Amino acid sequence: MKVFALAALIAFAAARPASSDGEAAAETVAEEYEANPEDGTYKWSYKTSNGIERIESGAQKQITPEDAGMTQQGQWSYQAPDGTEVVFKFTADENGYQPDSALLPVPPPMPAHVVKLLESIARRAKA
């Protein structure tokens with residue numbers, strides 16, 4: 001599992017495109033990694049000199065008597081060119097990947113006629 005987490009970190013860092021504004025010269029200023037093979041938990045984090053921060057932790061989880069999986073949670077953040085702090089939090093478990101951020105798009109509210117139609121369908125299904 002250590003190898004997987006380390007490989008994911010390396011892939012994440014390698015896939016990030018270099019910027020022409022000196023961002024490519026950013027250095028890691030803090031880094032932590034801890035894995036516990038006995039219970040399958042881990043956590044890691046890093047910070048860079050240009051304000052990027054990434055934190056993640058995870059644990060093995062018994063989903064059903066026959067199936068085990070992983071739960072993961074974490075976040076990453078950076079400062080956008082306009083100075084806005086960008087933060088994404090996430091959970092990944094048996095329900096899939098669930099990101100959370102004020103920057104994620106949200107659908108517009110359903111029109112009133114659609115809400116009434118769905119309520120009508122629900123009433124008919126109960127009858």
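Owing to the predicted nature of the structure, the values given are computational and were not obtained by experimental measurement. Below, each value reflects all heavy atoms present in this structure, side chains not excepted, and no hydrogens, waters or symmetry copies. Here, residue 1 is the first one in the sequence, and each next residue gets the next number.
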remark   = dist K47:NZ -> T28:OG1 (nearest 0.5 Å) comes out at 12.5 Å

request  = For the residue pair P99 and L104, establish whether any side-chain heavy-atom pair is separated by less than 4.5 Å.
outcome  = yes

query = Quick one: OH on Y33 to OG on S45, what's the gap to the nearest 0.5 Å?
reply = 12.0 Å

query = What's the shortest heavy-atom distance between F90 and R54, and which atoms?
reply = CE2-NH1, 3.5 Å

query = Would L103 and V86 satisfy side-chain contact (heavy atoms from CB on, under 4.5 Å), going step by step from the backbone distance to the final call?
reply = CA-CA 8 Å; L103 298 174; V86 175; 3.4 Å; yes

request  = Could you walk me through whether Q60 and Y42 pass the side-chain contact (heavy atoms from CB on, under 4.5 Å) test, one step at a time?
outcome  = CA-CA 9 Å; Q60 291 183 336; Y42 73 92; over 6 Å; no

task = Using a 4.5 Å cut-off on heavy atoms from C-beta on, say whether the side chain of E53 contacts that of I55.
result = yes

Contact summary for M110 and V115, nearest pair of heavy atoms = CB-CG2, 3.9 Å

inquiry  = What I'd like to find out is whether the side chain of K61 reaches to under 4.5 Å of the side chain of M70, using heavy atoms alone.
reply    = no

inquiry  = For a quick check under 3.5 Å, do Q79 and T84 share a side-chain donor-acceptor pair by atom type?
reply    = no

Closest non-hydrogen atom pair between D67 and Q62, with its separation = O-NE2, 3.3 Å

request  = Could you tell me which non-hydrogen atom of I63 sits nearest to which non-hydrogen atom of E94, and how far apart they are?
outcome  = CD1-CB, 3.5 Å

key: Heavy-atom side-chain proximity of V29 to T48 below 4.5 angstrom   = no

task = Please check if Y97 and V87 belong to a single hydrophobic cluster, counting links between Ile, Leu, Val, Met, Phe, Trp and Tyr side chain heavy atoms closer than 4.5 Å.
result = no

Any side-chain donor near an acceptor of the partner, E32 and Y46, under 3.5 Å = no

remark   = Output for pair (Q75 CD, S101 OG), nearest 0.5 Å, gives 10.5 Å

request  = Keeping the roles fixed (side chain from S49, backbone from E27), state whether a donor-acceptor pair exists under 3.5 Å.
outcome  = yes

inquiry  = How close do G58 and Q73 get, counting heavy atoms only, and between which atoms?
reply    = N-NE2, 4.1 Å

